[in-house]
Amino acid sequence: MSIRDVLDGKLTEKEVEIKGWLVNKRSSGGVQFLIIRDGTGTIQVTVHKDEVAQKAFQDTDRLTQESSIIVKGIAKEDKRAPDGYEVRVKGLRLVHLAEQEYPIGKKEHGVDFLLGYRQLWVRSPRQVAILKVRAEVIKACRDFLDENGFTLTDSPILTPAAVEGVATLFEVPYFGDKAFLAQSGQLYVEATIAAFGKVYCFGPTFRAEKSKTPRHLTEFWMVEPEMAFFTFEDNLKFQEDMVTYIVKKTLEKRSKELAVLKRNVKPLKKAEPPFDRISYTEAIQMLQKGRYKIEWGEDLGTPHERFISLKFEKPVFVHRYPAKAKAFYMQPDPENPEVALCADLMAPEGYGEIIGGSERIHDLKLLEQRIEEFGLPKKAYEWYLDLRRYGSVPHSGFGLGIERILMWICKLKHIRETIPFSRTMKRIYP
RNA sequence: GCCGCCGUAGCUCAGCUAGGUAGAGCGGCUGGCUGUUAACCAGUCGGUCGUAGGUUCGAGUCCUACCGGCGGCGCCA
């Protein structure tokens with residue numbers, strides 16, 4: 001029996017039992033108003049002095065914020081209640097009397113304070129709403145892939161070598177040797193496509209980047225689909241469909257939570273295929289016209305991404321970056337080998353990159369050459385090169401950052417709210 | 001890592017410009033109110049002013065260093 005059921009009017013005039021936590025308490029002497037939360041919703045319950053035992057009324061008066069209680073009473077429809085329904089209490093049982101001075105107050109708090117009390121902050125309505133949306137976004141990702149013939153093949157978290165730079169890897173001792181926390185599962189899903197065709201991995205990834213920004217975590221979750229026989233073009237179309245599905249499902253199932261977040265859903269509804277596309281070269285021209293000092297060959301920075309992102313109403317692909325600025329495994333464009341067959345998907349409203357993807361090099365010789373050009377240790381990549389020795393096929397894939405897309409969907413100012421316990425350069429507690 | 005800003009009660013902040021011995025709101029506690037909506041009303045508890053040094057008769061206030069945090073940037077999902 002949940003608060004949600006009472007708020008939906010299913011139990012009106014029936015006897016109900018609510019198990020939950022005290023959010024707030026008001027009183028007007030003879031009537032006490034308790035606001036109770038149970039994870040499905042929040043409701044007001046009223047305790048009338050002349051309707052309960054004297055002890056029950058006194059106990060109610062002693063209740064502290066966040067005390068856990070079980071109340072029995074009659075569900076009522078009442079215009080005076082905050083959500084139109086309330087429970088008129090007949091009996092109340094105290095499960096645990098919370099200590100005085102619950103740290104999270106009714107008024108505003110600073111970010112540092114709240115993060116230090118994240119274990120309690122997650123109970124707040126706004127945080128509950130965000131984490132509900134998070135769960136929905138993750139479910140949507142997995143449902144979409146599972147329904148489209150993908151097989152989940154999880155990649156290891158402890159890895160022997162870097163995909164990209166070693167500088168951004170967390171090093172861990174490994175039986176007298178060194179291991180690193182994975183910063184991508186991509187290389188491993190490239191292996192499993194030859195077994196399953198279409199695969200994905202989903203899990204936490206770790207980057208020891210010293211980036212102190214509202215868009216970076218050192219531990220974040222990424223879904224990485226990889227598809228055999230997919231061209232660059234197939235890849236982009238698939239990304240469009242997937243992002244559209246995620247946004248639609250979230251709008252459908254989490255409208256209440258988005259309302260709690262005061263998210264204007266109009267921009268989200270515009271996310272329908274086809275998404276806009278511009279080449280990196282066009283992006284540079286746009287930026288130069290916008291009076292940004294940037295030359296062809298330089299990577300796009302945060303202000304650049306924001307500028308482009310604000311120019312479009314739906315997500316926009318920026319494709320064909322200079323090969324030199326991108327990862328070693330990206331397939332060069334046959335029409336212009338200076339650029340790679342890669343694309344980043346920028347979320348609108350100034351949010352910027354939420355996906356990075358590319359067609360991968362499938363030719364052994366070319367891949368060996370690139371590993372050498374990038375100064376990477378060939379030995380470490382022998383297993384990866386095997387994939388080009390035995391039944392190599394053109395293939396493509398991408399990585400979707402869960403927290404990044406969530407930031408956009410919820411329109412958050414900072415990524416640290418998108419995950420239950422954020423890990424940033426400056427904070428690893430609690 | 002670089003640039004900028006900020007550390008005063010449990011929390012959010014005022015006090016600093018022009019140095020004179022610490023204040024509000026919220027929360028807690030006590031009391032009042034039989035329909036409250038971050039309820040309200042009265043009272044009350046609560047602070048080595050981030051740390052260390054310096055200037056001064058006197059430092060929350062001025063100076064120096066350090067520590068912690070926030071915002072922006074770089075790197076990236």
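Order of the sequence lines fixes the chain letters, A, B, ..., with proteins taken first and strands second; residue numbering starts at 1 for each chain. Keep in mind it's a predicted model, so treat the numbers as computed, not measured. Atom set for the values below is all heavy atoms of this structure, side chains included, hydrogens, waters and symmetry mates excluded.
Rounded to whole Å, the C1' atom of B/G69 lies 24 Å from the corresponding atom of B/G25. A distance of about 37 Å separates the C1' atoms of B/G46 and B/G72, rounded to the whole Å. Rounded to whole Å, the separation between the C1' atoms of B/G47 and B/C5 comes to 25 Å. Atom C1' of B/A9 sits at a distance of 10 Å from the matching atom of B/A22, rounded to the whole Å. Distance check on atom C1': B/C76 versus B/A65 gives 35 Å, rounded to whole Å.
Aromatic ring orientation, A/Y245 versus A/F144: tilted (interplanar angle from 30° to 60°).
Of the nucleotides present, B/G32 is the one that pairs with B/C40 by Watson-Crick or G-U wobble criteria, both distances under 3.5 Å. For B/G4, the paired base is B/C70 (Watson-Crick or G-U wobble, both distances below 3.5 Å). For B/A22, there is no paired base (Watson-Crick or G-U wobble, both distances below 3.5 Å). Within the shown strands, B/G54 is the pairing partner of B/C62 under the Watson-Crick or G-U definition, both distances less than 3.5 Å.
Between A/Y381 and A/F328, the ring center distance clears the sub-6.0 Å criterion.
For the residue pair A/R360 / A/S358, a side-chain donor-acceptor distance below 3.5 Å is found, with atom types taken as modelled. Remark: the A/Q186 side chain and the A/Y329 side chain contain an N/O donor-acceptor pair separated by less than 3.5 Å. A/T231 and A/D234 share a side-chain donor-acceptor pair at under 3.5 Å.
Between the NZ atom of A/K326 and the C1' atom of B/A77 there is a distance of 10 Å, rounded to whole Å. In this entry the distance linking CD of A/Q183 with C1' of B/C75 reads 12 Å, nearest Å. Computed from coordinates, the A/K25 NZ to B/G35 P distance equals 18 Å when rounded to whole Å. Rounded to a whole Å, the CD atom of A/Q100 is 8 Å from the P atom of B/U30. Between the CG atom of A/L169 and the C1' atom of B/C76 there is a distance of 13 Å, given to the nearest Å. Regarding A/R207, its CZ atom lies at a distance of 17 Å from the P atom of B/G74, rounded to whole Å. Remark: C1' of B/C76 and CD of A/E298 are 17 Å apart, rounded to the nearest angstrom. Distance CD (A/E224) to P (B/A77): 10 Å, rounded to an integer number of Å.
Residue A/K212 places a side-chain atom within donor-acceptor reach of the base of B/G71, judged by atom type and a 3.5 Å distance cut-off alone. A/R404 contributes a side-chain N or O that forms a donor-acceptor pair with the base of B/C76 under 3.5 Å. Judged by atom type and distance alone, A/R427 does not reach the base of B/G68 through any side-chain donor-acceptor pair under 3.5 Å. Within 3.5 Å, no donor on the side chain of A/H109 pairs with an acceptor on the base of B/C11, nor the reverse. Side-chain atoms of A/E86 and base atoms of B/G35 include a donor and an acceptor less than 3.5 Å apart.
Residue pairs satisfying the ring pair (Phe, Tyr, Trp, His ring centres under 6.0 Å) criterion with at least one member in residues 65-102 of chain A, sequence neighbours excluded, are absent. Applying the salt bridge (charged side-chain N to carboxylate O under 4.0 Å, His left out) rule to pairs touching residues 405-419 of chain A yields A/R126-A/E417, A/E349-A/K411, sequence neighbours excluded.
A salt bridge links A/R62 with A/D59: the closest approach of a Lys/Arg side-chain nitrogen to an acidic carboxylate oxygen falls below 4.0 angstrom. Salt bridge annotation for A/E282-A/R277: absent, with no cationic side-chain nitrogen under 4.0 angstrom from a carboxylate oxygen. Ionic pairing of A/E86 and A/K76 is not present here: no N-O contact between side-chain nitrogen and carboxylate oxygen is shorter than 4.0 angstrom. Between A/K237 and A/E233 there is a salt bridge, since a side-chain N of the basic residue sits under 4.0 Å from a carboxylate O of the acidic one.
Residue contacts for A/T213: at a heavy-atom cut-off of 4.0 Å it reaches a base atom on one of the strands shown. Within 4.0 Å of A/P103, counting heavy atoms only, lies no atom of the nucleic acid at all.
Proximity note for A/L217 (side chain, C-beta onward) versus B/A77, B/G71, B/G35: the nearest is B/A77. Considering only the side chain of A/I415, B/A77 comes nearest among B/C76, B/A77, B/G35. Closest approach to the A/V31 side chain among B/G28, B/C33, B/G35 is made by B/G35 (side chain taken as heavy atoms from C-beta onward). For A/H216, taking side-chain heavy atoms from C-beta onward, the closest of the listed nucleotides B/A77, B/G35, B/C33 is B/A77. Closest to the side chain of A/F220, out of B/G72, B/A77, B/G35, is B/A77.
Taking for each of A/R62 and A/G29 the nucleotide of RNA chain B with the nearest heavy atom, the 5'-most of the two is the partner of A/R62. Both A/Y117 and A/P82 lie close to RNA chain B; mapped to their nearest nucleotides by heavy-atom distance, the more 5′-ward contact belongs to A/Y117.
The stretch residues 272-284 of chain A has no heavy atom under 4.0 Å from RNA chain B, so no residue of it qualifies as close. If you check residues 340-355 of chain A against RNA chain B, the residues with a heavy atom closer than 4.0 Å are A/E353, A/I354, A/I355, listed by number. For RNA chain B, the residues of residues 32-44 of chain A within the heavy-atom distance limit of 4.0 Å (strictly under) are A/F33, A/Q44, sorted by number. Within residues 300-308 of chain A, the residues having any heavy atom closer than 4.0 Å to RNA chain B are, in order of number, A/G301, A/T302, A/P303, A/E305, A/R306.
Minimum heavy-atom separation, A/F230 to A/S396: O-OG, 2.8 Å. Here the closest non-hydrogen pair linking A/D83 and A/T42 is OD2-O, 3.6 Å. Nearest heavy atoms, A/I409 versus A/R263: O-NE, 2.9 Å. A pairwise comparison of heavy atoms in A/P430 and A/R423 identifies O-NH2, 3.1 Å as the closest pair.
Atom CD of A/E99 is surrounded by 12 or fewer heavy atoms from other residues, nucleotides or ligands within 6.0 Å.
The residue from A/E209, A/K210, A/Q183 that alone fulfils the side chain to side chain donor-acceptor pair (under 3.5 Å) condition with A/T168 is A/Q183.
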